[in-house]
Undergrad: 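Could you have a look at this structure, given as structure tokens, before my questions?
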Protein chains: 2
Amino acid sequence: MNADWIEQFPGLSKLEPAIRDVLTRKSAVVTVREGSVIFGPGKSPENLLLLLEGRVRVQQVSEAGREIVLYRVEAGQSCVLTTACLLAHEGYSAEGIAETDVRAVAIPRTVFDDLIAQSVTFRTFIFTAYSKRITDLFQIIEDIAFQRVDIRLAQKLLDLERGTGQIKATHQQLAAELGTAREVISRQLGEFQRRGWIRQSRGSVELVEPDGLERLAALDAA
Amino acid sequence: MNADWIEQFPGLSKLEPAIRDVLTRKSAVVTVREGSVIFGPGKSPENLLLLLEGRVRVQQVSEAGREIVLYRVEAGQSCVLTTACLLAHEGYSAEGIAETDVRAVAIPRTVFDDLIAQSVTFRTFIFTAYSKRITDLFQIIEDIAFQRVDIRLAQKLLDLERGTGQIKATHQQLAAELGTAREVISRQLGEFQRRGWIRQSRGSVELVEPDGLERLAALDAA
DNA sequence: CACCTTTCAGTAACGATGTCACCAAACCCA
DNA sequence: TGGGTTTGGTGACATCGTTACTGAAAGGTG
């Protein structure tokens, strides 16, 4: 079986040979179809996932049905926060959804525990990932609490544009990205369009003049 | 030296004897004066702290100087999120402040790492604490994004009242609790007072009719 | 105590954001 | 083609955040 996937994770490339062996023998490469709910309320993840290909969106869903995107796990990253959350708590109301077809390495809980115990490198890998996620969450809290919506939307549009200058998303989905309401997105996009920065069509946004968005996004907490 | 402090942490009471020994020998009980900044931007924590007495407030401070309280560490709990954040990242802009005089066990980084490696019990203790904190952060994000401030303020007043029916806090401090502005707090407290639920005086709030606050707080995401 | 400074709270006006109600256009599918 | 569903647009209003200013309360100093 091909174990070269380890090279895709910089933090793991220095893994001790014995550990490396355990990891490749006791984990499995799995594939998940786009749109699948990987974990969610009442569906604990059984494995730690290391993403080889694709993208997972993690979002919080409120009782009232409103959604907010917390972060995304990309290829080369791990779903590490779930490792804490699969241990104890019920109250884990976040859910993970495959935004694309996903190929990932699944590390069972017991193996994860062994690796943590046996490998400094693996520990560093995991805790570094934790650090990144947690500081991201802090940033989200700060943005939601203190940042203007127009600035956040401009940043998000630039962030979601993956080279193509096109963003496939409904206003409702963009609202969920920022934790705001659809109507607010409609108004802001309308304003961006009036300024000639974007062109809208049903279900997608085309960036016409990214510079305008960049300038707005750069205002940040000025 | 007295090592009975371990009994104050339910998650550690089943600690393996050998590990227990390492923990007591290689950690130190420290005291911190009320108001001290335990960690913050440019001041990485060197140790994992387990709180024996007192309370630590962890808050995010934005560039513009605005603050929002993220969570509190109470006696019997650990400053566990710092363990991730002391590893890698600069961008750790949260700070921890002793709200009272604090007595705590300080576990050096290297010892923390050893304990993680050697003890299942310790690992569970740490990851369980992570889980709790992270779900708390998710809840904060949801509240900030979707909950009305009057409801959040009512909940916070009931939360901060520690038996006495009295809350020692300025409007500015209450604003930081919720990540909103002082003026908003002043307005809401004015409204609560008109309804006869509270009595205000400079620097403190007295709960006169907690039931009113309870009813409002219970509206939650109804 | 008188005086000054700092901190804290109140308020009005306005801008930004969130909510509600409703409509219209675009898409989907039978 | 027709009818339902999804998506987007909009006005009216409520809530929340910001600005600017005021004065009261506490604290320090001679």
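Quick note on labels: first sequence line is chain A, next is B, and so on, each numbered from 1. Just the heavy atoms: all of them, side chains too, but no hydrogens, waters or symmetry mates, feed the values below.
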Undergrad: Which whole-number value in Å describes the distance from Asp150(A) CG to dA16(C) P?
TA: 8 Å
Undergrad: Within the 4.0 Å heavy-atom criterion, would you say Arg66(B) contacts the bases, only the backbone, or no part of the nucleic acid?
TA: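 It contacts sugar-phosphate atoms only.
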Undergrad: Check the distance between dG18(C)'s P and His171(A)'s NE2 and give it to me in whole angstrom.
TA: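 To the nearest whole Å, that distance equals 16 Å.
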Undergrad: Rounded to whole angstrom units, what separation is found between the CD1 atom of Ile185(A) and the P atom of dG8(D)?
TA: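 From Ile185(A) CD1 to dG8(D) P: 11 Å.
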Undergrad: Do Gln77(B) and Arg133(B) pair up side chain to side chain, a donor and an acceptor below 3.5 Å, judged on atom types alone?
TA: yes
Undergrad: dG18(C) P sits how many Å from Glu67(A) CD, rounded?
TA: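 Taking CD of Glu67(A) and P of dG18(C), I get 16 Å after rounding.
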Undergrad: By nearest heavy atom, map Arg187(B) and Gly179(A) onto DNA chain C; which one lands nearer the 5' end?
TA: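 Looking at DNA chain C, the more 5' nearest nucleotide goes with Arg187(B).
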Undergrad: Inspect the contact between Glu191(B) and Arg187(B) and indicate whether a charged nitrogen and a carboxylate oxygen are less than 4.0 angstrom apart.
TA: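 Looking at Glu191(B) together with Arg187(B), the answer is no, because their closest N to O distance does not fall below 4.0 Å.
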Undergrad: For Thr83(A) and Tyr130(B), test the side chains for any donor-to-acceptor distance below 3.5 angstrom and give the result as yes or no.
TA: no
Undergrad: Return the value, rounded to whole Å, for the distance between atom CD of Gln147(B) and atom P of dT19(C).
TA: 10 Å
Undergrad: Any sub-3.5 Å donor-acceptor pair from Gln8(A)'s side-chain atoms to Trp5(A)'s backbone N or O?
TA: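 No; zero donor-acceptor contacts below 3.5 Å.
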Undergrad: First locate atom CD1 of Ile151(A), then atom CG of Leu216(A), and finally report the distance between them rounded to the nearest 0.5 Å.
TA: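 Separation between the atoms: 5.5 Å.
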Undergrad: Whether the side chain of Gln172(B) and the base of dC8(C) hold a donor-acceptor pair under 3.5 Å is what I'd like checked.
TA: no
Undergrad: Could you state the NZ-P distance from Lys168(A) to dT7(D), rounded to the nearest angstrom?
TA: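 From Lys168(A) NZ to dT7(D) P: 13 Å.
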Undergrad: Is it the case that the side chain of Arg66(B) and the backbone of Thr180(B) share a donor-acceptor pair, with hydrogens and angles ignored and the cut-off at 3.5 Å?
TA: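 Checked: pair present.
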Undergrad: Counting just side-chain N and O atoms, does Thr180(A) come under 4.0 Å of either OP1 or OP2 of dG18(C)?
TA: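 Yes, within the criterion.
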Undergrad: Which listed nucleotide (dT11(C), dG17(D), dG18(C)) is nearest to the side chain of Ala181(B)?
TA: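 For Ala181(B), the side-chain atoms sit closest to dG17(D).
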Undergrad: Would you kindly compare Val184(B) and Gly190(A) by the position of their nearest DNA chain D nucleotide and give the one closer to the 5′ end?
TA: Gly190(A)
Undergrad: Quick check: any donor-acceptor pair below 3.5 Å linking the side-chain of Arg148(B) to the base of dG18(C)?
TA: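 By the distance-only test, no, there is no pair.
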Undergrad: Could you state the atom-to-atom distance from CD of Gln188(A) to C1' of dT10(D) in whole Å?
TA: 15 Å
Undergrad: Assign each of Leu189(A) and Arg182(B) to its nearest nucleotide of DNA chain D by heavy atoms, then name whichever residue's nucleotide is nearer the 5' end.
TA: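 First, find each residue's nearest nucleotide; the 5'-ward one identifies Leu189(A).
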Undergrad: Taking atom CZ as the centre, does Arg162(B) end up with more than 12 heavy-atom neighbours from other residues, nucleotides or ligands that are less than 6.0 angstrom away?
TA: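 Result for CZ/Arg162(B): enclosed.
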Undergrad: Kindly state which residues belonging to residues 191-211 of chain A come within less than 4.0 angstrom of DNA chain C, counting heavy atoms of the residue only, listed by number.
TA: Arg202(A)
Undergrad: Whole Å only: how far is the CZ atom of Arg152(A) from the C1' atom of dT17(C)?
TA: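 Atom-to-atom, Arg152(A) to dT17(C), this comes out as 11 Å.
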